[in-house]
Undergrad: 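Pasting a structure here, questions to come.
Computed over heavy atoms, backbone and side chain alike; hydrogens, waters and symmetry mates excluded. Note that the structure is predicted; figures quoted are calculated from it, not measured.
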Amino acid sequence: MGLCVTGGAMMTCSFGMAPSSFNVLPAAGVMSAMPLATIMDNVPMVNIMPFGMCSSMANPTVASATAAAMGVLTPMPCVPVPAGPWVPGVPQVLVGGKPALNNQCKLTCAYGGMIQFTNPGCMTIQL
């Protein structure tokens with residue numbers, strides 16, 4: 001079913017130019033040395049850090065910079081814009097009342113990128 005995801009996990013975005021780290025805040029009422037992530041840990045600049053530069057033409061800053069460069073693709077700084085929760089999640093395992101997140105989950109960015117884990121941060125708990 002996949003490995004659990006905790007803070008420190010590493011991710012990539014299909015339109016990003018650098019990997020990013022994943023942050024997990026402790027769930028209300030759940031005490032753990034390494035907080036487990038849920039499908040709702042999808043907040044930009046809190047859970048999901050930038051992926052360096054973005055090359056998606058759906059990103060308005062990339063489109064604008066590319067137009068100014070006479071059509072030459074001009075990547076701009078990435079600010080992730082999640083288009084919903086992580087999917088599919090692990091509904092059999094609840095963390096603070098929300099489905100847990102495993103390393104097989106993916107998150108779509110509103111600019112068309114697909115965010116996925118390259119290292120779950122936790123190699124001991126199988127979900």
Undergrad: Rest of the hydrophobic cluster containing M76 (Ile/Leu/Val/Met/Phe/Trp/Tyr, side-chain heavy atoms under 4.5 Å)?
TA: M57, V62, L73

Undergrad: Roughly how far, to the nearest 0.5 Å, is the OG1 atom of T6 from the CG atom of L101?
TA: 10.0 Å

Undergrad: Out of curiosity, I115 CD1 to K106 NZ, how far, rounded to the nearest 0.5 Å?
TA: 11.5 Å

Undergrad: What closest approach, in Å, do P82 and P44 show between heavy atoms, and which atom pair accounts for it?
TA: CD-CG, 3.4 Å

Undergrad: Which residues pass the side chain to side chain donor-acceptor pair (under 3.5 Å) test with T61, not counting sequence neighbours?
TA: N59

Undergrad: Would you give the length of the straight line joining atom CG of L3 to atom CG of N102, rounded to the nearest 0.5 angstrom?
TA: 8.0 Å

Undergrad: Using atom types as modelled, flag every donor-acceptor pair under 3.5 Å from a side chain in residues 15-22 to any protein atom, sequence neighbours excluded.
TA:
| from | atom 1 | to | atom 2 | distance (Å) |
| --- | --- | --- | --- | --- |
| S20 | OG | M49 | O | 2.8 |
| S20 | OG | P50 | O | 3.3 |

Undergrad: With distance as the sole test, does N42 use its side chain to make a donor-acceptor pair with the main-chain N or O of G84 at under 3.5 Å?
TA: yes

Undergrad: Using 0.5 Å steps for rounding, measure from the OH atom of Y111 to the OG atom of S14.
TA: 14.5 Å

Undergrad: Within the 4.5 Å heavy-atom criterion, are P88 and C105 side-chain neighbours or not?
TA: yes

Undergrad: When you look at I48 and L107, which way does the side-chain contact (heavy atoms from CB on, under 4.5 Å) test go after all the steps?
TA: CA-CA 10 Å; I48 303 168; L107 181 66; 3.2 Å; yes

Undergrad: Any donor and acceptor pair, going by atom type alone, linking the side chain of N23 with main-chain N or O of G7 inside 3.5 Å?
TA: no

Undergrad: Between CH2 of W86 and CD of Q104, what distance do you get to the nearest 0.5 Å?
TA: 13.0 Å

Undergrad: Is there side-chain contact between P99 and L94, with at least one heavy-atom pair below 4.5 Å?
TA: yes

Undergrad: Measure the shortest side-chain to side-chain distance between M114 and T108 over non-hydrogen atoms and say whether it is less than 4.5 angstrom.
TA: yes

Undergrad: I need the minimum non-hydrogen distance between V95 and A100, along with the two atoms involved.
TA: CG2-CB, 4.0 Å

Undergrad: Check for a donor-acceptor pair, side chain of N103 on one end and backbone N or O of F117 on the other, with a separation under 3.5 Å.
TA: no

